[in-house]
**Q** 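Quick one: the structure is below, and I'll ask about it shortly.
When a residue number appears, it is its place in the shown sequence, counting from 1.
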Amino acid sequence: MENQSTQEPKKNSNVIYFLVVVIVALLGTDVYLYMKKNNSDQRIIVQSDEKTRLQTELDSLEAQIEQVNVGKTRMSKDLQAKNDSLRAKIKVLRGELAKGTLTAAELSKAQEDVKQLRYFVTKYTADIDELKKENVSLATERDTLKSNLSTVSEKATTLEKQNQDLDNKVKVGSALKVATTSVVGYKVKKNGKEVDETKAKNVNKLKINFTVASNDIATKGSHDVYIRIIDPIGNLITGTDSGTFNADGQDLQSTYKTSIDYQDSGAGYTVDWVYDQPFQKGTYTILLYADGFTMGKTSVTFR
């Protein structure tokens, strides 16, 4: 009986020890699970904060790209491709961040991608700024060239006008001018003899006499001379010898055309003109033209 009483307390003691061990183990498990959960929550919070920071970084990068493109700078094909690539990369990263809770590896990769993207955006911004500077320089150079071209064009126009004016002056200066001129009416008899005549009904021929003023720049040699004879009532006399010519900037009809050999020698010239119609009483006006200008003017009166 005594042995049984002694074994009973010992058995109870073992049970108590076992319960204590179980309780300690449970407590340890709870602490472990709590710490693990706490660490897991902390990791989730950290990942969530990092995700938010990365999204903010992407927003900033995208805004920077938009700001760069606002200037409407005409981009080269390479820069346009880079621009499209950056936008596509940002879109991919946004998609990865939108998946939810990222693994540590995915989060690390996203962080590295954003760093690289930041570098490329910075370089892209610098390239665009350089392109803008080049465009401003080219625009300035273009405006300078336009200004210079305009100045050159104005100078060329001025020189052309001056040359034209000088050419006109040379033409005017080189045109032959009469020094002296006179007209005499003649009656040609049947035997061919010519007699001075002042009665209109007896005149059938005019002798137009003139000398040419000395001119150093006039061309020596043959010059065409056009003659216009105006009757007393103001009509131009025309006939088989009539033609057209240009003088003093207008087209005119001539009564008669001849030519002279000008040598700047002071020699006199005589032009015979026979009229197959009776002359009228009054004054006949004779105008001479050469080298595109009026050469001289004279008149004769018949009674």
**Q** For Y226, which of Y256, Y289, F245 qualifies under ring pair (Phe, Tyr, Trp, His ring centres under 6.0 Å)?
**A**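 Testing Y226 for a ring pair (Phe, Tyr, Trp, His ring centres under 6.0 Å) against Y256, Y289, F245 leaves exactly one candidate, F245.
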
**Q** Test your reading of the model: is there a side-chain donor-acceptor pair from N204 to the backbone of V188, 3.5 Å cut-off?
**A**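 A pair under 3.5 Å: yes.
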
**Q** Can you see which heavy atom on Q263 is nearest to which on Y269, and at what distance?
**A**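 That closest heavy-atom pairing would be N-OH, 4.4 Å.
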
**Q** Looking at every non-hydrogen atom in both residues, tell me the closest pair between G266 and T211 and how far apart they are.
**A**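 Shortest heavy-atom contact: O-CG2, 4.5 Å.
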
**Q** How many angstroms lie between NZ in K201 and NZ in K281, if you round to the nearest 0.5 Å?
**A**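 The distance works out to 8.0 Å.
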
**Q** Restricting to non-hydrogen atoms, name the atom on L176 and the atom on A290 that form the minimum distance, rounded to 0.1 Å.
**A**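 Smallest interatomic distance, heavy atoms only, reads CB-CB, 4.5 Å.
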
**Q** Using 4.0 Å as the upper bound for N to carboxylate O, is an ion pair formed by K169 and D165?
**A**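 Looking at D165 and K169, the cut-off is not met.
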
**Q** Between the side chains of D291 and S174, does any donor sit under 3.5 Å from an acceptor?
**A**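 On atom types as modelled, these side chains do not qualify, holding no pair under 3.5 Å.
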
**Q** Whether the side chain of S137 engages the backbone of K133 through a donor-acceptor N/O pair (distance < 3.5 Å, no angle test) should be reported.
**A**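 Not a single qualifying donor-acceptor pair exists.
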
**Q** What heavy-atom pair brings D224 and S259 nearest, and what distance separates the two atoms?
**A**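 Shortest heavy-atom separation between D224 and S259 comes out as OD1-CB, 3.8 Å.
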
**Q** Give, for atom OG1 of T283 and atom CD1 of I230, the distance between the pair rounded to the nearest 0.5 Å.
**A**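 Reported to 0.5 Å precision, the distance equals 13.0 Å.
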
**Q** Decide side chain to side chain contact (heavy atoms under 4.5 Å, CB included) for L236 and R228; before the verdict, give the C-alpha distance in whole Å, the side-chain angles of both, and the deciding distance to 0.1 Å.
**A** CA-CA 7 Å; L236 173 69; R228 283 164 56 89; 3.7 Å; yes

**Q** Supply the atom-to-atom distance N246 CG to L252 CG, rounded to the nearest 0.5 angstrom.
**A**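 Separation between the atoms: 7.0 Å.
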
**Q** Of the non-hydrogen atoms in K199 and R303, which two are nearest, and what is the gap between them?
**A**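 Closest approach of K199 to R303: CE-NH1, 3.2 Å.
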
**Q** In terms of relative ring orientation, are F279 and Y275 parallel, tilted or perpendicular, with 30° and 60° separating the classes?
**A**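 Aromatic pair F279/Y275 classed perpendicular.
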
**Q** How about S299 and Y284: do any of their side-chain heavy atoms sit closer than 4.5 Å?
**A**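 The answer is no, as the side chains (C-beta and beyond) never meet within the 4.5 Å cut-off.
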
**Q** Checking T181 side chain against N209 main chain: does a donor-acceptor pair fall under 3.5 Å?
**A**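 A pair under 3.5 Å: yes.
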
**Q** Working to the nearest 0.5 angstrom, can you tell me the gap between K193 NZ and K187 NZ?
**A**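 Going from the NZ atom of K193 to the NZ atom of K187 covers 12.0 Å.
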
**Q** Looking at T244, is its backbone amide N or carbonyl O close enough to the side chain of K257 to form a donor-acceptor pair, meaning the two atoms are under 3.5 Å apart?
**A**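 Answer holds: no.
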
**Q** Taking the side chain from S147 and the backbone from D143, do they hold a donor-acceptor pair closer than 3.5 Å?
**A**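 No.
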
**Q** Counting only N and O atoms by type, is there a donor-acceptor contact under 3.5 Å from the side chain of S254 to the main-chain atoms of G243?
**A**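 Checked: pair present.
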
**Q** For a 4.5 angstrom cut-off between non-hydrogen side-chain atoms, does V271 reach L288?
**A**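 Counting from C-beta outward, V271 and L288 never come under 4.5 Å.
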
**Q** Quick one: closest heavy-atom pair of A218 and Y262, and the distance?
**A**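 What the structure gives for the nearest pair is CB-CE2, 3.8 Å.
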
**Q** With rounding to the nearest 0.5 Å, note down the distance linking CD1 in I229 to CG in N235.
**A**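 Reported to 0.5 Å precision, the distance equals 13.5 Å.
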
**Q** In sequence, state the C-alpha distance, the side-chain angles, and the governing distance for I260 and F210, and then conclude on side chain to side chain contact (heavy atoms under 4.5 Å, CB included).
**A** CA-CA 11 Å; I260 63 172; F210 62 92; 4.1 Å; yes

**Q** Is V183 linked to L287 within one hydrophobic cluster, defined over Ile, Leu, Val, Met, Phe, Trp and Tyr using a side-chain heavy-atom separation of less than 4.5 Å?
**A**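 Unlinked, V183 and L287 end up in two clusters.
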
**Q** Under the 3.5 angstrom rule, does the side chain of T157 hit a backbone N or O of S153 as a donor-acceptor pair?
**A**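 It does hold such a pair.
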
**Q** Do W273 and I227 pass the side chain to side chain contact (heavy atoms under 4.5 Å, CB included) test, and can you show the C-alpha distance, the side-chain angles, and the key distance before you say yes or no?
**A** CA-CA 10 Å; W273 180 70; I227 300 173; over 6 Å; no

**Q** Given the ring of Y186, does K207 sit roughly above its face, with NZ or CZ under 6.0 Å from the centre of the six-membered ring and within 45° of the axis?
**A**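 Flagged: K207 positioned over aromatic ring of Y186.
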
**Q** Any side-chain to backbone donor/acceptor pair from T255 onto I237? Under 3.5 Å, distance only.
**A**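 Yes; at least one donor-acceptor contact below 3.5 Å.
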
**Q** Does any non-hydrogen side-chain atom of K189 lie less than 4.5 Å from one of V195?
**A**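 Result yes, sub-4.5 Å side-chain heavy-atom pair found.
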
**Q** Quick one: CZ on F302 to CD on E197, what's the gap to the nearest 0.5 Å?
**A**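 Reported to 0.5 Å precision, the distance equals 9.0 Å.
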
